Amino acid sequence: MLYNILIDPFVQMVDAPDFLIQVVWEGFVAGVLYALIALGFVLIYKASGVFNFAQGIMVVFAGLSLVGLHQKGVPAWLALILAIGIMAILAVCIEKFVMRPLVGQPDIILLMATIGMTYFLIGLGEVIFGGEPKQMITSELGLPTGSTAFEMGERGLVILQHIDIAAAVIALLMVGGLAVFFNRTRIGRALRAVADDHTAALSVGISLNQIWAIVWFAAGIVALATGIMWGARSDVSFALEIVALKALPVLILGGFTSIPGAIIGGLIIGIGEKVGEIYWGGLVGGGIESWLAYVIALVFLLFRPQGLFGEKIIERI
Amino acid sequence: MDANARQTETSASTILAVNNIEVIYNHVILVLKGVSLTVPEGGIVALLGANGAGKTTTLKAVSNLLQAERGDVTKGTIVFKDERVEALSPNDLVRRGCIQVMEGRHCFGHLTIEENLLTGAYTRKDGGAAVKADLEMVYDYFPRLRERRGSQAGYTSGGEQQMCAIGRALMSRPSMILLDEPSMGLAPQLVEEIFEIVKELNEKEGVSFLLAEQNTNVALRYATYGYIMESGRIVLDGAAKALRENEDVKEFYLGVGGEGRKSFRNVKHYKRRKRWLA
Amino acid sequence: MFYREAGQYKTTYAADQQIFPIRQDRIGIGVILVLALLLPLVASEFMLSAIAIPFLILALATIGLNILTGYAGQLSLGTGAFMGVGAYSCYKLVTIFPEVNVIVHILLSGVFAAAAGVVFGLPSLRIKGLYLAVTTLAAQFFLEWCFIRISWLYNYNASGAIEVPGREFFGTLVTGPAAGGISRYYVVLAIVVVMTLLIKNLIRGRIGRQWMMIRDMDIAAELMGVRPLVAKLSAFAVSSYVCGVAGAMFVFFYLGAAEPAVFSITLSFQVLFMAIIGGLGSLVGSFFGAAFIWILPILMRVGLPALGVDIAAETVFQVAQMVIGALIIFFLIVEPHGLARLWAIGKEKLRVWPFPYA
Amino acid sequence: EDSVYIQLPTYRTGPYAGSGIHIANGMSDYLAMINARDGGVNGVKIDFDECETGYDTQKGVECYEQAKAKNTLVFNPWSTGITLQVIPKSSVDKIPVLSMAYGLSAAADGNTFPWVFNPPDTYWDGLSAIIKYIGEQEGGMEGLKGKKIGYIFLDAGYGREPIPLLDNLAQKYGFEVLQYPVAGKEMQNQSSQWLSIRRDRPDYVVMWGWGAMNPTAIKEAVKNRFDMSKFIGVWWAGGDEDARAGGAGAKGYKSVSFNNVGADYPALQDIKKLVVDAGNSHTPADTIGENLYNRGVVNALYMVEAIRTAQEMTGKKVINAEDMRLGLENLKIDEARLEAIGLKGMIAPIEITCSNHSGHHPLFIQEWDGEKWTSATDWFSPLTEEVTPILMQASKDYATSNAPWPTRDDACPAN
Amino acid sequence: MNVLVKPAGMQPDGETAPGEVLLRIDSVSLSFGGVRAITNISFDIIKGEVRAIIGPNGAGKTSMLNVINGFYHPQEGTITWRGKVRRKMKPYEAASHGIARTFQNVALFKGMTTLDNIMTGRGLKMHSGFLWQCLRVGPALREEIEHRRKVEEIIDFLEIQAIRKTPVGRLPYGLQKRVELARALAMEPELLLLDEPMAGMNLEEKEDMSRFILDVNQQFGTTIALIEHDMGVVMDLSDRVVVLDYGRKIADGPPEEVQANQDVIDAYLGVSH
Ligand SMILES: Nc1ncnc2c1ncn2[C@@H]1O[C@H](COP(=O)(O)OP(=O)(O)OP(=O)(O)O)[C@@H](O)[C@H]1O
Ligand SMILES: Nc1ncnc2c1ncn2[C@@H]1O[C@H](COP(=O)(O)OP(=O)(O)OP(=O)(O)O)[C@@H](O)[C@H]1O
Ligand SMILES: [Mg+2]
Ligand SMILES: [Mg+2]
């Protein structure tokens, strides 16, 4: 028993290094995708202290708009632009009808409002696009679809999907860009101020309306990117909304307020759960992936209650 | 009431005029029951009164921060620089030069002291150098802040946070500051300093002030005009000097009765009747 | 005018500490209870089985969550799983000790849920706020996985589901497919009313105050002698107990059979919505919230087509979902502290009537 | 005007909508066509409406209560979870449950489950058919010895149900079973499972998937370069869109089936003409004839024929739910009847009896050619002899564990 | 005004008689990362006195209180409580040792009414079991009523009857401070730590508050440690004053002496008051 837990998995890893590489790569890609979802959460959280439950459905909504428009005969590039436009409209509406009237309310209330939004968007999305899954227009958008296989040893094989590589590159670009935006600009500082105290931020003249519209739009763009990448892996369907829950441990592990935290948390969770599932999952009948991520995050939290990169919870009296 | 009569003839030299406003919290609690006051351009006006009189509420009504607390101005008008401002957002008001220092500090806990100060300059468009210069000015006013500039505001002491909140407001280069209890929690020496700063800004830069203050003594020394509030109404107003001479003010707010300052040890414990409420 | 306590003097503290110190409230609650008792006389089987029974049970679950999140301030997303623990424990108890009364089993099953709650509540000592969500989520998914994986829990049924056997209570069948809606309704009503009463007492006593202290300002609470360990874990225990009982009732008196998917995160969220919409930290709110989230969609789904609005079933479903979403936001904007606060404001208005403000 | 009411619980929303929509379309369109073409069954209109369940058990129970209140003739849960919920209730409420090729396999035992029907085959039939097919590929059942068969399944009652039989067959034929559970909320995230499959190199992979799980699995299989000809799904993993998602690489993917695809059957042409083209349906015309659509039609066909049978047996025009059960228990659709209906060749003839509520009918394997499904085998029978004893045992176990389980009041004639 | 009778059992066992040292701080130092909040401070508090702690902002006064009630743990130095060196203790143990406090930034329980807030102060004195509380009969009910009576006495004493059932979040700042005092008093502490109890009050209210503090001190014999920036209050109320500056002690003694101390004037008072 102990051998199975402590030694055998490592023996397997050494025996088939190519497979280990593949597992880590798959974990890496999954992690990047988790990180993309988490990134959307972080944006909103940083800018308003709100845990945006609707990020998952925004991913679906963005993806469906893109594919749906294309199905209606709009060329891919135009559909992309229109989808961006839809996300912009959505951002403005959310700011105007949800966030603005609720300024200064406790976090849990805002969380609830985003849940209300989720309901609304699911209903709306299904009315507009119908419930059936749609295929992502990967190649039409000019994204690579092929794969490359690397031979390793006589039986070894590592397969890299080009779309996964593209996803990683896009995610890194977004993370980089957003990190700069947050840490180097005036708006970035203002966002952090808003997250701390809405009323005080208002009192120093920060325009919450403007800032929230911008940030929700940014989150919409991130959602669109996420929708395209996840959609390329599996179809664009409302089931994706559930996958978005996976962003939660990522977020918690990385710390709610940290953009690099999202990506690092994503990678830890992505790789951790793949390796855990493949090398240890079999011992208990598999499928531990459904909770492993949360347990990994929990273990980290016990040592750092604010996540790896989160802002320390201030306790002073 | 003659105060009201004076309000109506708002002259060009008035920077802020509050006319007969009524404020209701949560749709049921009526807090301000017709408050009127004016702040002349370049004046320092003190708003005095007991706990719960409605001073904070009045200031928030002006700066439009009430909405976030589920309060509404249901009646009356507020005119700032000849413009009705009830419908403006707080940041519009800051852009127009009116900023509030909130009661209870409200620093951004996760931001450092310096970042806190810089958020104060959010609406400014006059370039980094000017902001930097003002930052130095604030640090000169409050050397303690310079020492703690890198600490997260949430961990600093109460007084340090108070300085930070005031400094933050100064950073926006306002033409009018609504100061809510600036002296709360500050060491005596600093209280004097704060009011010196108020005076200096007022004289050198022409900044107008509306300050709600419990420390009547100091407030009336620096202010030009004063209003006294009791349970949501203005009950007395007048030039600061005149108020200082008023017997009631003397007894209830300044603690100097006929026989000079009384010791806190010897205060008799009975409820005294305020003559102006009679 | 009619709703004013003028003239109702309390001469003892005991009188002042009643649950409903105001006479009009006492009359009101009495009327509601009588109506609840008379409901089966007018309600159809559908109303009892598909609306009233699940509504009451979910209200109880919401109360359970409210203890933890509303009163003790510990956010939990694992309600569904704790309900599941109650349901599976009850199933095991009923099959292992078939001769013991099923009501006893239902009440006992909460104990197992409480134990699970305590185990997953342990990290709350270190982890706070939204971060705590991860432990409760871990509980949710881990327990859900257990419900599928540990076949012992469902007696190795090939279907992986648990089915409720028929059991009697004082000679009437109250569980199982053959139990009538009326008998199930009365049992559920009795359990829910009694448990609500007990919890109300708990909340307004020392233990409830400790929870609220931790919620409102944990540092100050600790400096006043509250042991965070005891307070938080007791909240987890009581909350999970109530949720566990509700879970057992959900299967035994409503669903009749259940597979693990019933206790998924969706249920957790559903109960959380009920708690928040109703108003965190309010017991009446729990009932309001449960009514809003459970009954309203059903009314819309059943009602829209009945009104002659000719739309497809899924459109009704989707529109109902949109309306619920919009209503949630609308109510939050009108009153962020939930329907319970709206109710309180309404009462206050009534009190000052005919004057608009106090 | 005479009419009977049938509620159709469907799901056009939620994670399983991708599969659910086609089924719902098929069912509704066929009933609408019967009303339009024949004016109902023997002049009795079928009054039907849908009830959206979203594949959610809670909503399913709600639909059931609603259906009960409106005196539905029959209840088609279209979800294994909901089926399990309503099985105990149905015998009390006396509403037949028609769970066509899903739900509880043991319910085929009409003596224990007088109100539940699962024609034409149970999951255990499906699994045994797949194993039989694999055996044939390997040159006979002996060829299974020492083989590794992977089983990737939705980790819920649905996917777990075949496991006891699978283990049983593995023991008997000497092959090894590797399980790859996919949690419901991880349906679209299967890379671990497929990595494990790559590592374990099973000779065949059998899939028990539904909804968004299917296209994702097929994509992953293609991605991991698994030999598609050795990848076989249950009938529910055989949607056109499921396979299409895999692109060109999905060619060769197989699934077991009990209905043929294609829109050339006269009845489907009637649907097209009288319902779809007449604008009385949401169905996109090009999906008529797809696998899941046709299956929805089959489900509706069973109901219509059962009504007809019940009318004949009772002599009543407007039947009730109890008559409907009688109709289902004596349902017999032979070639001639199929011809008359206009669906000859789409399904094999079926017969349900009082004691056998499934029938364990012949099945066939279909293969995806990159564009559409084609038959890969002829109709063949599942391993009924092997399955029946286990099935009867399971049904007995169910009754004992749910004691006191109501016994059938009218004993089936021994046949 | 009701006559406050010293309740039986309020005076803890005769371990520390009036006039003896109740608490002694010995060369305590505390730092946070690089920030030295307290450097090598020693002083004592005698049973029955009003001990003021003053000093400029950020001098370390609040931190000192936090050390006394165990919320901060000093890196160096010892704390002697009732003649015994106190080991490192958890914050919640402070309450059972008889130390209560109010906070600089009001730390009331915002979701509760005034009455409930004050009742929380009685928490440690209530013992009825879980089941009794659920049923709210027998000991639970008796206890609840008995403590309610105590709380009502305090409410009368501090004259906050009118706001008994108001949620504290709605109260103006000054009243919140008073409720906080009431809550601390409800704990019947031996040592009461007050952190700027009069900040944000006008003169009249300060006078009231002074009266309450003196009454508590004189009638209950409660020892009081007081942080306050209003020198008038400090001079009038306190028996002895310790002055901190930049975490160091710069003076300690009777008020008049401290007031005249040049270091204190330079660091804190500015002009002499
Ligand atoms: N959010 C609120 N909801 C309900 N009532 C409120 C709210 N805020 C303030 N009040 C009430 O309004 C009245 C005036 O409060 P306000 O804070 O304006 O007084 P203040 O004069 O500033 O007092 P202080 O000197 O204590 O700061 C008080 O009676 C208070 O109870
Ligand atoms: N937890 C902490 N982390 C970091 N620094 C702290 C912490 N607590 C206190 N400090 C620092 O220690 C110093 C003393 O703080 P303290 O709150 O004791 O001051 P104070 O004397 O109460 O001042 P005030 O009169 O302004 O309230 C301050 O500079 C503060 O920033
Ligand atoms: Mg105020
Ligand atoms: Mg302090």
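Here is the naming used below: chain letters follow the sequence lines, and residue numbers restart at 1 for every chain. Because the structure is a prediction, the values reported are computed rather than measured.
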Which heavy atom of Cys134(E) sits nearest to which heavy atom of Leu202(C), and what is that distance? SG-CD1, 3.8 Å
Which pair of non-hydrogen atoms, one from Met217(C) and one from Phe109(E), has the smallest distance, and what is that distance?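 Minimum heavy-atom contact is O-CE2, 3.6 Å.
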Checking [X] against chain C: side chain, backbone, both or neither under 4.5 Å from a heavy atom?
| X | answer |
| --- | --- |
| Ala100(E) | neither |
| Ile145(E) | both |
| Arg101(E) | side chain |
| Lys125(E) | neither |
| Met126(E) | both |
| Thr120(E) | both |

side-chain contact (heavy atoms from CB on, under 4.5 Å) assessment of Tyr92(E) paired with Leu223(C): CA-CA 5 Å; Tyr92(E) 62 78; Leu223(C) 288 175; over 6 Å; no
Check each atom of Glu222(C) against the heavy atoms of chain E and say whether the ones under 4.5 Å are side chain, backbone, both or neither. both
Counting only heavy atoms closer than 4.5 Å, note whether Arg204(C) contacts chain E via side chain, backbone, both or neither. both
Go through [options] and name the one with the most non-hydrogen pairs under 4.5 angstrom from chain C.
| options | result |
| --- | --- |
| Arg149(E), Met119(E), Arg148(E), His97(E) | Arg148(E) |
| Glu143(E), Glu152(E), His147(E) | Glu152(E) |
| Leu108(E), Leu135(E), Ile99(E) | Leu135(E) |

Does Arg227(C) come within less than 4.0 Å of Glu93(E), counting only side-chain N to carboxylate O?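 The answer is no: the pair does not qualify as a salt bridge.
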Donor-acceptor contact present, side-chain Arg206(C) to main-chain Ser128(E), <3.5 Å: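 The answer is yes, because a donor-acceptor pair under 3.5 Å joins these two groups.
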If only atom types and distance count, is the side chain of Asn201(C) paired as donor or acceptor with the main-chain N or O of Gln133(E) below 3.5 Å? no
Would you mind telling me which of Gly281(C), Ser234(C), Ala220(C) has the largest number of heavy-atom pairs within less than 4.5 Å of chain E? Ala220(C)
Which residue out of Val226(C), Leu198(C), Ile199(C), Val238(C) racks up the most heavy-atom pairs below 4.5 Å with chain E?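 So the answer, after comparing Val226(C), Leu198(C), Ile199(C), Val238(C), is Leu198(C).
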Heavy-atom distance under 4.5 Å between the side chains of Met213(C) and Met112(E), does that happen here? yes
Near Arg24(E) CZ, under 6.0 Å, is it more than 12 heavy atoms from other residues, nucleotides or ligands?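 No - once you tally the heavy atoms of other residues, nucleotides and ligands closer than 6.0 Å, there are 12 at most.
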Point-to-point distance, once rounded to the nearest 0.5 Å, from CE of Met224(C) to CG of Asn117(E):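 Answer for the CE-CG pair, Met224(C) versus Asn117(E), is 8.0 Å.
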